[in-house]
Amino acid sequence: MDFICENFYIIGDVLDLLLTVTFIYLVFCIISIVKNINIKVGNKIEIKSKKHLEIKYCTTAPDLYPDLNDNFAYDYAACFDLLSNDEITINPWKIGSVDTGLIFCLPFEYELQARPKSGLSIKGCHIELGTIDGDYRGKVFATIYNFSDEPIVIKRGQKICQGRIDKLSFIPRNGDKFIKVKSVDDFDPELKCTSRGENGFGSSGV
């Protein structure tokens, strides 16, 4: 009988411990939820999202960029439109540099990519993919190639390329670095052997 009573006491202690742990866990969950809720007038509840990225910019063409946030064509568009602040003619098979009228103050761990627009590419007007580093504080220019046999006129206010903000995954200043080895045999074993190997140009078919 004493043995049974002792077991009941042990079970009771274990249950008390589990209830205590569960209660503490629930309290932490409630605190976490409350921290992410704003109570507004009219009993409306708004859940806070993660901290938003804010990037400052200025422009030498305020008439072209009343608000750069409006230059996303759709709600979930990956890129925003950059416009020409120049009016130039690019002759056949020549290269031109076009001022966008924008200057960005990017966080150091981010980059701005200038990407081609398909609407121009089908006309033989190709925008070179460009990278604006996080520490660059000058005006953004777009490099345009005319691969057609006709002159291409770029008008002021015309959409010439797309901008995309990306976070860098490799930052030397933060300790990321290249490691030189003697040959491919010194690569990490789990990374060295792949199904692709050295198969390059055209290996996936054309």
Side-chain angles (χ1 to χ4, degrees), residues 36-38 40 42 44-171 174 176 201-202 204-206:
N36 289 302
I37 292 181
N38 281 335
K40 293 189 173 182
K44 291 183 179 179
I45 298 178
E46 181 183 84
I47 304 297
K48 291 181 181 177
S49 62
K50 65 179 182 179
K51 185 178 179 181
H52 297 293
L53 178 64
E54 295 181 348
I55 294 179
K56 294 183 179 179
Y57 74 96
C58 62
T59 177
T60 57
D63 58 317
L64 298 182
Y65 301 101
D67 186 349
L68 191 58
N69 296 294
D70 296 332
N71 283 36
F72 288 93
Y74 302 100
D75 291 340
Y76 294 98
C79 302
F80 56 94
D81 289 323
L82 300 180
L83 314 178
S84 170
N85 191 33
D86 294 326
E87 184 156 342
I88 66 170
T89 298
I90 304 174
N91 291 319
W93 303 99
K94 297 295 182 180
I95 302 173
S97 181
V98 180
D99 174 21
T100 66
L102 287 171
I103 303 171
F104 289 90
C105 184
L106 296 171
F108 294 140
E109 297 183 355
Y110 286 79
E111 65 162 336
L112 166 64
Q113 294 181 3
R115 298 184 174 186
K117 285 187 68 68
S118 57
L120 287 177
S121 296
I122 61 175
K123 298 177 182 178
C125 185
H126 178 72
I127 309 297
E128 182 182 33
L129 178 64
T131 295
I132 292 83
D133 294 315
D135 55 356
Y136 176 67
R137 295 295 176 263
K139 287 193 292 185
V140 175
F141 287 81
T143 302
I144 302 179
Y145 296 84
N146 181 0
F147 289 138
S148 73
D149 294 323
E150 300 292 333
I152 292 178
V153 177
I154 303 296
K155 297 181 179 180
R156 186 175 184 274
Q158 180 178 342
K159 298 176 182 179
I160 53 171
C161 62
Q162 304 177 89
R164 177 176 169 83
I165 306 293
D166 277 322
K167 189 170 185 179
L168 304 179
S169 57
F170 188 90
I171 307 173
N174 290 352
D176 300 328
F201 294 112
S204 61
V206 292

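Taking every heavy atom of both residues into account, Pro107 and Ile55 meet most closely at CD-CG1, 4.0 Å. Across Gly157 and Leu83, no two heavy atoms sit closer than the pair O-CD2, 3.9 Å. Between Ile103 and Gly138 the shortest heavy-atom distance is CG2-O, 3.7 Å. The minimum heavy-atom distance between Arg164 and Phe80, with the atom names listed, is N-CE2, 4.1 Å. Considering every non-hydrogen atom in both Asn69 and Phe72, the closest pair reads O-CD1, 3.6 Å. Heavy-atom minimum distance, Leu129 versus Arg115: CD1-CG, 3.6 Å.
Looking only at distances, a side-chain donor or acceptor of Asn146 sits under 3.5 Å from a matching main-chain atom of Asn91. When atom types are taken as modelled, the side chain of Thr100 and the backbone of Ser84 share no donor-acceptor pair closer than 3.5 angstrom. A donor-acceptor pair is defined here as one N or O able to donate and one able to accept, closer than 3.5 Å; such a pair exists between the side chain of Asp99 and the backbone of Gly101. Asn71 places a side-chain N or O within donor-acceptor distance of the main-chain N or O of Asp81, the cut-off being under 3.5 Å. The backbone N or O of Ile165 sits nowhere less than 3.5 Å from a side-chain atom of Glu111 that would complete a donor-acceptor pair.
Atom CD of residue Gln162 and atom OG of residue Ser118 lie 7.0 Å apart, to the nearest 0.5 angstrom. Atom CH2 of Trp93 is separated from atom CG of Asp149 by 6.0 Å, given to the nearest 0.5 angstrom. In this structure, CG in Leu120 is found 5.0 Å from SG in Cys125, a value given to the nearest 0.5 Å.
Residue Tyr57 qualifies as enclosed at atom OH: its count of foreign heavy atoms under 6.0 Å is above 12.
Taking 4.0 Å as the cut-off between side-chain N and carboxylate O, Asp86 and Lys155 do not count as a salt-bridged pair.
Under the 4.5 Å side-chain criterion, counting only non-hydrogen atoms from C-beta, Cys105 is in contact with Arg137. Under the 4.5 Å side-chain criterion, counting only non-hydrogen atoms from C-beta, Thr59 is not in contact with Leu68.
Side chain to side chain, Asp176 and Asn174 fail the donor-acceptor criterion of an N or O pair below 3.5 Å.
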